[in-house]
Structure formats: structure tokens, C-alpha cells
Amino acid sequence: MSFYEPMHCRLDAFTALRDELVDLETTDGLVRAAVAVSMHEMDPDEADPLRVMTMLDDLADQVRGRVVGDSPRALLAHAHHVLFEEARFRGNLGDYDNPANSYLPRVLKTRLGLPILLTLVYKAVLERLDIPTFGINAPSHFLAAVPAVAVGSISSQRDDLALIDPFCGGKLLSRSEAVHRIAMNADGDMLLDENVDLLPLATHKQWLIRIITNLHMGFDRRGQVDDSRAMSEMIWLVEQEG
């Protein structure tokens with residue numbers, strides 16, 4: 001365990017992140033780590049892991065209360081209705097670079113966020129319903145994957161997983177549709193390399209580092225040098241201890 005004291009990151013955020021890394025391989029551990037990242041800028045009352053967990057529990061309870069039995073297809077269908085039609089979680093296309101899109105407590109409040117944070121909300125809710133959910137660490141666009149049995153029989157699935165895009169209202173994607181979305185923003189040379197897996201499963205460590213990296217790049221584009229360096233310190237911490 002490192003006792004490095006950051007020069008740019010808020011100490012309480014850095015310490016909270018370090019404390020959560022021990023449970024990073026659990027979904028709730030990843031959620032709490034994402035909340036810790038948000039503590040760099042957010043007030044403690046809003047960036048409260050217990051409050052975030054309660055919000056996720058409430059969303060899952062709304063779904064569970066509408067389904068008799070444990071049918072994955074029924075649970076997934078109602079989860080999509082609750083998350084994307086009633087709560088209206090969606091991508092923030094109008095203000096994409098806003099750091100709030102990467103702060104989980106704010107995403108839960110505004111229902112707006114980046115693909116990777118919306119996928120985290122999706123995963124946290126679905127796994128409370130006993131539906132295994134994975135992150136797809138695609139270049140330029142983060143996606144979710146669930147067992148294909150939960151959505152019925154569709155073609156072009158990878159390893160019996162169905163691809164879901166929480167950024168676009170929970171749209172179900174074929175592999176070719178997912179690759180097309182990646183192609184709109186990714187490096188063209190990468191797309192031509194047959195050895196590159198365009199739809200790799202994300203480890204929780206990769207997931208968390210990508211959340212922080214998005215903030216790092218966003219702060220850099222906005223000229224917020226100290227905040228960008230703070231994110232570099234958080235990335236270092238996850239790489240060392242995650």
C-alpha cells in the first residue's frame with residue numbers, strides 16, 4: 001500500500017480511491033472507485049457512495065417490482081424501460097466534454113453521461129437483477145454486453161454475448177453495427193489491422209483507468225492543467241495498486 005501524497009488531486013479523493021482499489025474486482029467496488037474519482041471536484045454530500053448505492057438499488061427495485069419470476073428476458077426488457085424510457089439515461093451529445101459526464105453521482109442525478117459511465121450504471125443495475133453484465137473496451141466507444149439468452153436469439157454475437165449501447169438508449173447492436181460505430185471515431189489503421197480486437201472485454205482496472213483518462217484528456221483540452229495532473233496522479237495510483 002502506497003502512502004504517496006498527491007500534489008494536485010484532492011487528498012480525500014485520492015485516499016478514498018486508494019481505499020476502494022482492494023475491492024475493484026467487484027461491481028460495487030468499481031462503483032465506489034468511480035465515486036471516489038468524482039470527489040476530486042464534487043461536494044462530499046453529493047459524492048457519497050452510500051447515496052449512490054441507494055440510487056442504484058432503487059432503480060433495480062423498480063425493475064424487480066414489475067417482474068414476476070426470474071426470467072432474464074423479462075427483467076432486461078423492464079430494465080431498459082425503466083432506465084432508458086422512464087429515467088431517460090442517455091448520452092450527453094450537447095456537452096460531451098463536460099467533466100460531470102464522467103462523475104457517477106452527477107450522471108445518476110442528471111441522467112446524462114459518457115458511454116463508459118452510462119454502461120457502469122447499466123451494469124450496476126442489471127447485476128442487482130442477477131444478469132451478468134460486462135464492459136466492452138472498444139476504441140472510441142464503450143459498450144455493454146449481456147448474455148444473449150437475455151435478449152433472445154440474434155445473429156453475430158460474440159461468445160454468446162449481446163452488445164448493448166447505453167449511450168444510445170440501450171440499443172441492441174450486431175457485431176457489424178458495433179464495429180461501424182467504432183469506425184466513425186477510431187483510428188483507421190487500427191480498423192485495418194486484423195490482429196486488433198475491436199470489442200475486447202474490459203477488466204475493472206481498465207474500466208476505471210479509462211474513466212480517469214477521459215477526465216485527464218478533457219481537462220487538458222479545457223486548459224485545466226492542475227486538474228489534468230490530478231487525474232494523472234489517480235491513474236498512477238490505479239496502475240500501481242489496482
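Heads up: numbering here begins at 1 and tracks the sequence.
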Q) With sequence neighbours excluded, what pairs up with F142 under the ring-ring contact (aromatic ring centres under 6.0 Å, His included) test? A) W207
Q) Hey, are the side chains of N92 and L114 touching, using non-hydrogen atoms and a 4.5 Å cut-off? A) no
**Q.** Heavy-atom pair with the smallest gap, counting every atom of M55 and L108
**A.** CE-CB, 3.5 Å
Q | pair I116-N214: side-chain heavy atoms closer than 4.5 Å | A | yes
Q) Between CG of L56 and CG of D28, what distance do you get to the nearest 0.5 Å? A) 8.0 Å
Q) Out of curiosity, N137 CG to T203 OG1, how far, rounded to the nearest 0.5 Å? A) 7.5 Å
Q. What pairs with D58 under side-chain hydrogen bond (donor to acceptor under 3.5 Å, both in side chains), at least two apart in sequence or on another chain?
A. none
Q) Does some side-chain heavy atom of Q62 sit less than 4.5 Å from a side-chain heavy atom of E86? A) yes
Q: Return yes if some donor-acceptor pair links the side-chain N/O of N101 with the main-chain N/O of D95 below 3.5 Å, else return no.
A: yes
Q | Path from V31 to V63 over hydrophobic side-chain contacts below 4.5 Å | A | yes
(Q) Could you check whether any side-chain N or O of T133 sits under 3.5 Å from a backbone N or O of I131, counting only pairs where one atom can act as donor and the other as acceptor? (A) yes
(Q) Can you pull out every salt bridge (Lys or Arg N to Asp or Glu O under 4.0 Å) where at least one residue sits in residues 104-124? Sequence neighbours excluded, please. (A) E46-R106, K123-E127
Q. So how far is it from S228 OG to E233 CD, rounded to the nearest 0.5 Å?
A. 10.5 Å
Q) Do I211 and Y96 share a hydrophobic cluster (ILVMFWY, side-chain heavy atoms under 4.5 Å, transitive)? A) yes
Q. Which heavy atom of A47 sits nearest a heavy atom of S38, and at what distance?
A. CB-OG, 3.5 Å
**Q.** Check: F134 ring centroid to H204 ring centroid under 6.0 Å
**A.** no
Q. How far apart are the closest heavy atoms of K205 and L24, and which atoms are they?
A. CA-CD2, 3.8 Å
(Q) Rounded at 0.5 Å granularity, tell me how far NE2 in H80 sits from NZ in K171. (A) 12.0 Å
Q. Do you reckon L93 sits in the same ILVMFWY cluster as F84, going by side-chain contacts under 4.5 Å, direct or chained?
A. yes
Q.
Could you work out, with ring-ring contact (aromatic ring centres under 6.0 Å, His included) as the rule, every residue matching H141, not counting sequence neighbours?
A. F167
Q) Stepwise, does the side chain to side chain contact (heavy atoms under 4.5 Å, CB included) test hold for Y122 with V146? A) CA-CA 10 Å; Y122 186 79; V146 298; 4.0 Å; yes
Q) What pairs with H180 under side-chain hydrogen bond (donor to acceptor under 3.5 Å, both in side chains), at least two apart in sequence or on another chain? A) none
Q: Output all residues satisfying side chain to side chain contact (heavy atoms under 4.5 Å, CB included) with R88, sequence neighbours left out; order by chain, then residue number.
A: R90
Q) Can you name the residues that form a side chain to side chain contact (heavy atoms under 4.5 Å, CB included) with D23, not counting sequence neighbours? A) T26, R32
**Q.** Side chain to side chain, H81 and R66, heavy atoms closer than 4.5 Å
**A.** yes
Q. Hey, does L59 have a side-chain heavy atom less than 4.5 Å from the side chain of V82?
A. yes
**Q.** Non-hydrogen atoms of A144 and T119 that approach each other most closely
**A.** CB-CG2, 3.7 Å
(Q) Suppose we screen for side-chain hydrogen bond (donor to acceptor under 3.5 Å, both in side chains). Which residues come up paired with D97, at least two apart in sequence or across chains? (A) R221
Q: Let me see the working for L201 and L161 under side chain to side chain contact (heavy atoms under 4.5 Å, CB included), right down to the final yes or no.
A: CA-CA 11 Å; L201 293 178; L161 291 177; 4.1 Å; yes
(Q) Run the side chain to side chain contact (heavy atoms under 4.5 Å, CB included) test on H40 and M231 for me, step by step, so that the C-alpha distance in whole Å, both residues' side-chain angles and the decisive distance to 0.1 Å come before the verdict. (A) CA-CA 9 Å; H40 172 66; M231 295 304 103; 3.6 Å; yes
Q) Under the side chain to side chain contact (heavy atoms under 4.5 Å, CB included) criterion, do L76 and V151 qualify, and how do the steps go? A) CA-CA 7 Å; L76 187 69; V151 298; 3.0 Å; yes
Q: Taking the side chain as every heavy atom from C-beta outward, state whether R51 and P105 have any atom pair closer than 4.5 Å.
A: no
**Q.** Smallest separation among heavy atoms of L172 and E177, with atom names
**A.** O-OE1, 3.8 Å
Q) Going from CD on E239 to CD1 on I212, what distance comes out if it is rounded to the nearest 0.5 angstrom? A) 9.0 Å
Q: Can you sort out the partners of D45 under side chain to side chain contact (heavy atoms under 4.5 Å, CB included), two or more places apart, ordered by chain and number?
A: none
Q: List for me each residue that meets side chain to side chain contact (heavy atoms under 4.5 Å, CB included) alongside L11, sequence neighbours excluded, and say none if there are none.
A: E5, P6, T15
Q | Spacing of CG belonging to L75 relative to CG belonging to D130, to within rounding of 0.5 Å | A | 8.0 Å
Q. So do the side chains of L199 and L163 get within less than 4.5 Å of each other, counting heavy atoms only?
A. yes
**Q.** W236 reachable from M39 in the ILVMFWY side-chain graph, under 4.5 Å edges
**A.** no
**Q.** Listed partners of D57 passing salt bridge (charged side-chain N to carboxylate O under 4.0 Å, His left out), at least two apart
**A.** R128
Q: Following the transitive rule for hydrophobic clusters with a side-chain heavy-atom cut-off under 4.5 Å over Ile, Leu, Val, Met, Phe, Trp and Tyr, establish whether L30 and L129 coincide in one cluster.
A: yes
(Q) Can you tell whether the side chains of R64 and D70 come within less than 4.0 Å, N to carboxylate O? (A) yes
Q: State, yes or no, whether a side-chain contact exists between L237 and L21 at a heavy-atom distance under 4.5 Å.
A: yes
Q: Could you pull out all residues at least two apart from D48 that satisfy side-chain hydrogen bond (donor to acceptor under 3.5 Å, both in side chains)?
A: none
(Q) If I compare all heavy atoms of L208 with all of A33, which pair ends up nearest, and what's the gap? (A) CD2-CB, 3.8 Å
